[in-house]
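A short worksheet on the structure shown next.
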Amino acid sequence: MEPIDKQNIEAWFLDYFEGRLDPENKARLMDFLKENPDLLDKFLHDSQWMGSDSIVTPPPLKKFTSHCFRTYDERDYSFPAFHFDSCDYSFKKPECTPSELKSEILTKIYKNNKTDWENACIAYLEGDLSKTERKEFEEMLTVFPELNKDLSLFRKAFFIPEKVVFPGKNQLKKKRQGIKVFWSGVGLTAAAATIALLLMTGPQEPSPRTDKQIQEITSVVPEHTPTDNFKPEIGIPQKSPVASSNKATLTANLPTQSRNAESLSTLRPRSTQQIELADKSQVEIEPINRIYTAIYANMMERWQAESMKENKSLASALLKPVKALFGKAEESLPGHEPVSLWTLAEFTLKTFNTITDSDIELKALRDEEGQLKALAFGNENFKIAHLKKNYSAESENQKRTSEKTQNTQEITE
Amino acid sequence: MTVSEFNNAVDTYSDGLYRFALKMTEDEEEARDIVQEVFIRVWEKRGSIDGNKVKSYLFTSVHHLCIDILRRHRNHKSLDDIEEEPIIEPRNYTGLNKLLDAILKQLPPVQRAVLMFRDYEGYTYEEIGQLTGLSESQVKVYIYRARLAVKKKIESLEHVI
């Protein structure tokens, strides 16, 4: 193998990085680099651009130690154990002056072993020296103040952190959730929002009608024309340009959850519910309506559980249609006695008014014989009225019964 | 890692990361993108990142991104033409700081990175080795070489002056 020199070192580097050197020649190259620190720098620099796999571990740094200065004596001029770069130097030259000796040592340090001196300075400033080494190094600086100048240059090679502000800091930060919702308040919050939404978008859509108008509408229903297909022109009327102004203010002061009250989660909504309006059109119940109903039922259940503990049958009757709407099993309900639908309607509306602070009224229109003819509910802003189911047929049956009675009496007479 | 820990990490480390990326890439926009990128990575992996170890994750990621960019650009220049290098943030710089900043730009990327980890962030050789994937002895040698190069440049310029 050809000898290594500064002229062919590039080729040696290339062979090394491309893996063409055997261990023996690798060792030769390392020895050569050890003797030529300037080329070692170039080697390390080149290795950084050859990919991480090619980066080699440079030869270990030479350790600089000195043991001579503790015994230094101006009168003795002796440096019996100057240990530097694994070599011992002896300067027992009584014929020399102290300055000559110092000069000779400095020459050794700066020229023959400059790399080690530099490494010693860096190690000293980096804090890599042991306590003993550090003390010896400082003693050497005391003896050779000339070295301080070089050391001060090394001190300048340490960077002081400068203040730099990242401009996009606020954009990087993540915002927390705005409101912490506690489960205990979910029902109330949802109920308030849902009922308010329902009141603002649901019952207010029909045009406002007065009690007088309802009277007029119901009065046009001919008592003597009881046809099966007849439906009064009331119910959910067409939209009116009259704007509804009653913004529902919801104040729901509910009692605490009773043991009888059931969680909303147990109410299972049916897939789709259809409601037939007066004009036979089908309206699909929106999910929010079903949610509303469930929440309302829950509220009602709480309220009645607190205030009407003695009347469990009424509670059962109240809950039955609502739970049935959500597919609740009939047998899961407590036993109940029959309650008139009128009582149920009144109670429901009263509950609704209580929890929503509303003033909705339920009114009954009766005929000349005192029979229930039509029902209406609403307030000053909306009204919904409907003829009582089977009212005409009942009237006809009653008439027939009455006529039969009269005929029987006449026959008897 | 919680939202609070993430925001604390942004507050605590974004400046240092940006400074590191800025010194490495010498490009403000690129440095900003790198910092944003690593924080996005952290946020995406927040479930698996320990809040106490986020600093090393951030600096490791920034270092890798910077090295990748530098390898692509290969814009390393020689130490001989540092005087003409523009200074990134001229205000509040003393003369020595300007000089050091210019010299730093001329160091090989690996030396530059380990030197900044050492001086700016105060990492030990071992920690720098973990961040950069180098051995501890390699880190030490690179730092020593970098110090020597900086010292020599300062010395030569002082002679000129």
Side-chain angles (χ1 to χ4, degrees), chain A residues 37-38 40-53 55-64 114-128 149-177, chain B residues 3-4 6-7 10-11 14-19 22-23 28 31-32 35-36 39-40 43 71 74 76 88-89 92-93 96-97 99-101 103-104 108-111 115-116 118-122 125 133-135 137-138 140-155 158:
Chain A
D38 53 328
L40 179 62
D41 285 344
K42 178 172 171 44
F43 175 79
L44 291 172
H45 177 265
D46 288 352
S47 70
Q48 293 166 26
W49 295 107
M50 297 301 290
S52 57
D53 293 339
I55 294 179
V56 296
T57 302
L61 294 167
K62 297 170 189 173
K63 192 174 181 182
F64 174 85
K114 190 170 184 183
T115 301
D116 300 311
W117 159 247
E118 289 167 340
N119 288 339
C121 289
I122 296 171
Y124 174 74
L125 296 172
E126 287 278 1
D128 294 341
K149 185 184 176 186
D150 209 38
L151 184 65
S152 67
L153 287 174
F154 277 108
R155 286 186 197 278
K156 292 177 182 176
F158 282 72
F159 291 79
I160 299 169
E162 65 206 60
K163 181 67 178 172
V164 175
V165 178
F166 177 60
K169 195 179 293 186
N170 290 330
Q171 294 166 353
L172 277 177
K173 290 182 181 176
K174 302 292 178 186
K175 291 180 181 175
R176 296 176 187 169
Q177 297 295 326
Chain B
V3 174
S4 175
F6 178 85
N7 288 338
V10 172
D11 275 334
S14 63
D15 291 344
L17 291 165
Y18 179 61
R19 178 177 56 200
L22 197 58
K23 299 288 184 186
E28 289 182 30
R32 195 162 50 238
V35 175
Q36 286 175 344
F39 274 109
I40 288 171
W43 179 250
R71 277 190 175 146
R74 293 289 177 104
H76 176 62
I88 301 168
E89 287 287 344
N92 300 330
Y93 269 56
L96 180 60
N97 282 339
L99 179 64
L100 287 174
D101 199 50
I103 292 172
L104 184 67
V110 175
Q111 288 185 17
L115 206 57
M116 283 190 290
R118 182 76 171 163
D119 287 357
Y120 288 167
E121 305 302 328
Y125 299 136
L134 300 170
S135 69
S137 60
Q138 280 178 316
K140 193 172 179 181
V141 168
Y142 284 136
I143 287 177
Y144 274 49
R145 300 298 168 200
R147 299 260 187 245
L148 193 57
V150 175
K151 180 252 181 186
K152 283 180 177 175
K153 195 64 197 175
I154 294 171
E155 189 176 20
E158 282 193 350

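If you're wondering where the values come from, they're calculated on a predicted model, not measured in any experiment. Note: hydrogens, waters and symmetry copies are ignored here, and every other heavy atom, side chains too, is used. Reminder, nothing fancy here: chain letters follow the sequence lines and each chain counts from 1.
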Quiz item: Relative to chain A, which segment of Tyr120(B) carries a heavy atom at a distance below 4.5 Å: side chain, backbone, both, or neither?
Solution: both
Quiz item: Taking Ala123(A), Ala157(A), Cys121(A) one by one, which has the highest count of heavy-atom pairs under 4.5 Å against chain B?
Solution: Ala157(A)
Quiz prompt | Point-to-point distance, once rounded to the nearest 0.5 Å, from NZ of Lys149(A) to CD of Glu155(B) | solution = 8.0 Å
Exercise. Taking side-chain contact (heavy atoms from CB on, under 4.5 Å) as the test, write out the residues that go with Ile40(B), two or more places apart.
Key: Glu44(B)
Quiz item: Contact part of Leu115(B) toward chain A, heavy-atom cut-off under 4.5 Å: side chain, backbone, both or neither?
Solution: side chain
Self-check item: Evaluation steps, side-chain contact (heavy atoms from CB on, under 4.5 Å), between Asp15(B) and Val164(A)
Solution: CA-CA 6 Å; Asp15(B) 291 344; Val164(A) 175; 5.7 Å; no
Quiz item: Checking Asp128(A) against chain B: side chain, backbone, both or neither under 4.5 Å from a heavy atom?
Solution: side chain
Self-check item: By salt bridge (Lys or Arg N to Asp or Glu O under 4.0 Å) - contacts of Asp119(B) (at least two apart)
Solution: Arg147(B)
Quiz item: Side chain, backbone, both or neither: which part of Leu125(A) has an atom under 4.5 Å from a heavy atom of chain B?
Solution: neither
Quiz item: Looking only at heavy atoms, which two atoms of Phe159(A) and Leu100(B) are closest? And how far apart?
Solution: CE2-O, 3.4 Å
Self-check item: Reported CZ-to-CD1 distance for the pair Phe154(A) and Ile154(B), which is rounded to 0.5 angstrom
Solution: 10.0 Å
Quiz item: Below 4.5 Å, heavy atoms only, C-beta onward: do Lys151(B) and Asp150(A) meet side chain to side chain?
Solution: yes
Self-check item: Spatial distance of atom CG (Leu148(B)) from atom CG (Leu153(A)) [nearest 0.5 Å]
Solution: 11.0 Å
Quiz item: Considering all heavy atoms of both residues, which atom of Asp101(B) and which atom of Glu162(A) are nearest to each other, and what is their separation?
Solution: OD1-OE1, 4.5 Å
Practice problem: Let me see the working for Lys169(A) and Phe39(B) under side-chain contact (heavy atoms from CB on, under 4.5 Å), right down to the final yes or no. | Solution: CA-CA 10 Å; Lys169(A) 195 179 293 186; Phe39(B) 274 109; over 6 Å; no
Practice problem: Specify which of Glu121(B), Met116(B), Arg32(B) makes the most heavy-atom pairs with chain A at under 4.5 Å. | Solution: Arg32(B)
Exercise. With rounding to the nearest 0.5 Å, note down the distance linking NZ in Lys163(A) to CZ in Arg19(B).
Key: 8.0 Å
Quiz item: What are the two closest heavy atoms between Tyr144(B) and Ile122(A), and how far apart are they?
Solution: O-CD1, 3.4 Å
